[in-house]
Structures are given as structure tokens and as C-alpha cells.
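All remarks here apply to the structure that follows.
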Amino acid sequence: MTNFWENTFVQTAANYSVVVLSLIVFLAIFELVSKYRNWEQIQKGNVAVAMATSGKIFGIANIFRYSIQHNDSLLTMLGWGLYGFILLLIGYFIFEFLTPSFKVDDEIEKGNRAVGFISMIISISLSFVIGAGIIV
């Protein structure tokens, strides 16, 4: 039975399953902390929300990429992914804090593509920095 869990296809399927479930949970958490409803706004055609959300999706997936690459245990990979997500979430709050002249969530909800784009780039950039810090 040990050989089953060591099979590359099984490990890939396990990593994939854990990341997809984590992505769903983490996006739900982002949905709770933002003032707008992501999927309702995307359905309405709000490109700013789509950019901000896609940045979060890419960021989370990229953190897990590094986590999978540097860990051979599913539990360790999940732990680093969770830690990376928390850091990404903190980055989200720092971005809001560093823009006192306007509210990031309000601007994104209004469809301000410039703010949505910056939000996307921040999520993507931070995911590379967070990922680079993930070690065995």
C-alpha cells in the first residue's frame, strides 16, 4: 500500500485536491473580509473586481506551487499554504491601510480598474515573495 501513496500520479491528484479545496476556502475568507460580493460583481461585469479576484486566485495558487515544490508531505504543504495565505491576507489589509485618501474596496466595487489592477499586481507580487520564503 505504501507504493500507492508514493506514486507520482496519486501525489499530484492529492496535491491538486487539497489546493482546490483550499482555494475555495481562502476565496470564501476573502469574500468575508471585502465589502463587496466578488461573484455578484463579476457576474455584473465589474472588471476591477475580476482583476482583484484573479490576482488573489493567482497569488494563492502560486504560494501553493512553492509549497508543493519544497515539501514532500501533504500536511506540510498545506501548512505552508495556509501560512502563505495568512501573509497574503495581511498584505490585503496593509494595502487598504496605505491608501488613506480612498477605500480600496469601495473603489474596486465602483469599477475603478486602476485600483483593481494594482490590487491584482500586489497579490501576485506578494505571492512570489512569500513563496521564495518557503523552505523545507
*asked:* Test: ring-ring contact (aromatic ring centres under 6.0 Å, His included). Region: residues 97-132. Which pairs qualify, not counting sequence neighbours?
replied: none
*If a pair satisfies ring-ring contact (aromatic ring centres under 6.0 Å, His included) and one of its residues is in residues 22-51, list it, with sequence neighbours excluded.*
Phe26-Phe85, Phe30-Phe85, Phe30-Tyr92
*Can any side-chain N or O of Asn46 pair as donor or acceptor with the backbone N or O of Ala48 at less than 3.5 Å?*
yes
*For Thr8, what residues pass the side-chain hydrogen bond (donor to acceptor under 3.5 Å, both in side chains) criterion, not counting sequence neighbours?*
none
_All side-chain hydrogen bond (donor to acceptor under 3.5 Å, both in side chains) counterparts of Asn15, not counting sequence neighbours_ = none
Heavy-atom check, side chain of [X] versus side chain of [Y], under 4.5 Å:
{"X": "Asn7", "Y": "Asn3", "answer": "no"}
{"X": "Leu27", "Y": "Asn38", "answer": "no"}
{"X": "Ile122", "Y": "Ile94", "answer": "no"}

*What side-chain hydrogen bond (donor to acceptor under 3.5 Å, both in side chains) pairs are there with at least one residue in residues 122-133, not counting sequence neighbours?*
Asn62-Ser127
Test of understanding: with salt bridge (Lys or Arg N to Asp or Glu O under 4.0 Å), list the residues that count as partners of [X], not counting sequence neighbours.
{"X": "Lys110", "value": "Glu107"}
{"X": "Arg65", "value": "none"}
{"X": "Glu31", "value": "Arg37"}

Taking distance alone, no hydrogens or angles, what donor-acceptor pairs closer than 3.5 Å link side-chain atoms of residues 49-61 to residues at least two apart or in another chain?
from	atom 1	to	atom 2	distance (Å)
Thr53	OG1	Val49	O	2.8
Ser54	OG	Ala50	O	2.9
Ser54	OG	Met51	O	2.9

Joint cluster assignment, [X] & [Y], ILVMFWY side-chain distance < 4.5 Å:
{"X": "Leu21", "Y": "Leu23", "value": "no"}
{"X": "Leu87", "Y": "Leu98", "value": "yes"}
{"X": "Phe95", "Y": "Val129", "value": "no"}

*Euclidean distance, Leu89 CG relative to Ile29 CD1, rounded to 0.5 Å*: 7.5 Å
*Distance from Arg113 atom CZ to Ser119 atom OG, nearest 0.5 Å?*
15.5 Å
*Would you find more than 12 non-hydrogen atoms of other residues, nucleotides or ligands less than 6.0 Å from Leu32 atom CG?*
yes
*Over 12 non-hydrogen atoms of neighbours within 6.0 angstrom of OH in Tyr83*: no
*Kindly give the cluster partners of Val20, where membership spreads through any ILVMFWY side chain lying under 4.5 Å from a current member.*
Tyr16, Ile24
_Pairs satisfying salt bridge (charged side-chain N to carboxylate O under 4.0 Å, His left out), at least one member in residues 86-103, at least two apart_ = none
_side-chain contact (heavy atoms from CB on, under 4.5 Å) partners for Val19, two or more places apart_ = Phe64, Ile68, Met77
*Indicate the atoms forming the closest heavy-atom contact of Glu109 with Gln41, along with that distance.*
O-OE1, 3.7 Å
*Tell me, with the steps shown, if Leu78 and Leu74 meet side chain to side chain contact (heavy atoms under 4.5 Å, CB included).*
CA-CA 6 Å; Leu78 180 59; Leu74 198 62; over 6 Å; no
*asked:* The test is side chain to side chain contact (heavy atoms under 4.5 Å, CB included); show your working for Ile118 and Val104 and say whether it passes.
replied: CA-CA 10 Å; Ile118 292 294; Val104 172; over 6 Å; no
